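Everything below concerns the one structure shown next.
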Amino acid sequence: MAVFAHPDDEIDVSPLLTKLALQGHKVYLTIATNGDMGVRDHAKIPAGDSLARVRARETECTCKTLGINPPIMLGLGDGKLTNRNALSILRKRLDSIITIYKPDIVITWGAEGGSGHPDHRMVGAVVTEIFQSGQSSHFGKLFYTAIPTEHWRDEPPYKSEISMDYHRGYKSVEKKYLPIRIWCSEQENKIARDAMRCNTSQYPPEELDDNELWMRNMNKDTVYLRPYTNAGYISDDIFK
């Protein structure tokens, strides 16, 4: 199960989701918010329920294209996960989903939250909270997705200023901290790029092309993850 904040957040791991589905695994995508504030001028869709419905359909398109199960939409407000009440609701809904589906593996954002969006950080933090509390017996392993810093330094020839700004503000992670490296075939990567293009309410054509450049140049042909781990030992000396 991949757990992210917004429809289209799954882009960096979507080749892996397809790969796992093709291998016969049950794969789910859980999205915390309804995306109702993601207004873009080219789409001419106002904020609110109408946009939320469009983004839900786009996420359904994404999952169908990837060959995974239909999305699990938690329906929280877009951009509103930083208040105490929303976090409480998010925790309860995520805990319920994890209890129902009992995922062997969960992939989410690390502390940096990809682009650094507060919703990204909050989703990753709440998933981590559930995992490390030990209160859920239905949770196997936890992994965080990230872009290697070594890949991020080289900026592809984006067409739009928005893509350039997004790239330059992204929070990357040094490759040595990303020990899980899963190569995905060109077929799997192409499926992932096709699925990305379901999100037409969020990206005009030139930005969809930029997203493809991102997918080809950031992870390249490999999805990078780091596992949640503890030290693996007990010590009374911080320097050991």
Side-chain angles (χ1 to χ4, degrees), residues 2-18 29 31-33 35 37-43 55 58-59 62 65-66 78-79 81-82 107-125 143-184 186 188-226:
V3 182
F4 294 112
H6 310 109
D8 80 6
D9 282 350
E10 74 289 333
I11 284 175
D12 291 337
V13 300
S14 53
L16 174 58
L17 302 184
T18 285
L29 175 64
I31 300 296
T33 77
M37 298 302 291
V39 176
R40 296 298 309 274
D41 290 342
H42 76 279
R55 298 199 72 183
E58 290 174 347
T59 307
T62 294
T65 305
L66 292 175
D78 188 3
L81 298 186
T82 56
I107 301 171
T108 190
W109 298 114
E112 72 289 341
S115 67
H117 193 297
D119 284 354
H120 295 190
R121 295 178 190 264
M122 290 298 98
V123 167
F143 295 91
Y144 304 111
T145 180
I147 296 295
T149 299
E150 293 84 346
H151 296 184
W152 168 82
R153 291 191 182 110
D154 296 324
E155 184 177 298
Y158 297 123
K159 297 178 181 179
S160 70
E161 288 289 338
I162 287 177
S163 298
M164 293 177 192
D165 290 343
Y166 184 82
H167 180 106
R168 293 165 189 173
Y170 204 82
K171 319 300 180 188
S172 59
V173 173
E174 199 170 356
K175 189 180 282 188
K176 67 182 181 182
Y177 299 122
L178 300 168
I180 309 300
R181 305 170 185 184
I182 304 174
W183 177 83
C184 297
E186 173 54 27
E188 291 155 356
N189 279 284
K190 183 181 184 304
I191 291 171
R193 295 193 296 269
D194 290 344
M196 173 273 296
R197 291 183 177 273
C198 290
N199 297 291
T200 54
S201 74
Q202 298 303 291
Y203 308 104
E206 65 273 16
E207 290 179 33
L208 290 171
D209 292 344
D210 284 346
N211 284 349
E212 183 156 337
L213 283 174
W214 173 275
M215 296 174 78
R216 289 180 181 274
N217 287 274
M218 294 302 99
N219 275 342
K220 302 185 186 297
D221 58 2
T222 300
V223 174
Y224 290 81
L225 305 169
R226 65 183 185 275

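Because the structure is a prediction, the values reported are computed rather than measured.
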Apply side-chain contact (heavy atoms from CB on, under 4.5 Å) to residues His167 and Met164 and explain how you reach the verdict.
CA-CA 5 Å; His167 180 106; Met164 293 177 192; 5.8 Å; no
Working to the nearest 0.5 angstrom, can you tell me the gap between [X] [atom1] and [Y] [atom2]?
X: Trp109; Y: Lys171; atom1: CH2; atom2: NZ; answer: 12.5 Å
X: Glu207; Y: Ser160; atom1: CD; atom2: OG; answer: 4.5 Å
X: Asn189; Y: Asp194; atom1: CG; atom2: CG; answer: 11.0 Å
X: Met215; Y: Asp221; atom1: CE; atom2: CG; answer: 12.5 Å
X: Leu17; Y: Ile191; atom1: CG; atom2: CD1; answer: 11.5 Å
X: Glu58; Y: Thr65; atom1: CD; atom2: OG1; answer: 11.5 Å

Under 3.5 Å, is there a donor-acceptor pair between the side chain of [X] and the main chain of [Y]?
X: Asp165; Y: Ile162; answer: no
X: Arg181; Y: Tyr224; answer: no
X: Gln202; Y: Gly38; answer: yes

Please report the shortest heavy-atom distance between [X] and [Y], naming the atom on each side.
X: Trp152; Y: Ile147; result: CB-CG2, 4.2 Å
X: Arg121; Y: Gly116; result: NE-O, 3.0 Å
X: Pro204; Y: Arg40; result: CD-NH2, 4.0 Å
X: Val123; Y: Ala32; result: CG2-CB, 3.8 Å
X: Ser115; Y: Tyr166; result: CB-CE1, 3.5 Å
X: Leu208; Y: Arg197; result: CB-NH1, 3.4 Å

Could you tabulate the donor-acceptor pairs under 3.5 Å formed by side-chain atoms of residues 172-180, not counting sequence neighbours?
residue: Ser172; atom: OG; partner: Thr149; partner atom: OG1; Å: 2.9
residue: Lys175; atom: NZ; partner: His151; partner atom: NE2; Å: 3.2

Looking at residues at least two apart in the chain, or sitting in another chain, which of them share a salt bridge (Lys or Arg N to Asp or Glu O under 4.0 Å) with Glu112?
Arg226
Show your working on side-chain contact (heavy atoms from CB on, under 4.5 Å) between Leu16 and Ile107 and close with a plain yes or no.
CA-CA 11 Å; Leu16 174 58; Ile107 301 171; 3.8 Å; yes
Check this for me: does any side-chain nitrogen of one of Lys190 and Glu186 sit under 4.0 Å from a carboxylate oxygen of the other?
no
Would Leu225 and Tyr144 count as a side-chain contact (heavy atoms from CB on, under 4.5 Å) here? Give the steps.
CA-CA 5 Å; Leu225 305 169; Tyr144 304 111; over 6 Å; no
Would you tabulate the side-chain donor-acceptor contacts of residues 5-15 under 3.5 Å, counting partners in other chains and residues two or more places apart, or write 'none'?
residue: His6; atom: ND1; partner: Asp9; partner atom: OD2; Å: 3.2
residue: His6; atom: ND1; partner: His120; partner atom: NE2; Å: 3.3
residue: His6; atom: NE2; partner: Asp78; partner atom: OD1; Å: 3.2
residue: His6; atom: NE2; partner: Asp119; partner atom: OD2; Å: 3.0
residue: Asp8; atom: OD2; partner: Tyr203; partner atom: OH; Å: 2.7
residue: Asp9; atom: OD1; partner: His120; partner atom: NE2; Å: 3.3
residue: Asp9; atom: OD2; partner: Ala5; partner atom: N; Å: 3.2
residue: Asp9; atom: OD2; partner: His6; partner atom: N; Å: 2.6
residue: Asp9; atom: OD2; partner: His120; partner atom: NE2; Å: 3.3
residue: Glu10; atom: OE1; partner: Asp8; partner atom: N; Å: 3.2
residue: Asp12; atom: OD1; partner: Trp214; partner atom: NE1; Å: 2.9
residue: Asp12; atom: OD2; partner: Tyr170; partner atom: OH; Å: 2.9
residue: Ser14; atom: OG; partner: Ile11; partner atom: O; Å: 2.9

Take atom CE of Met37 as the centre, draw a 6.0 Å sphere, and report whether it contains more than 12 heavy atoms from other residues, nucleotides or ligands.
no
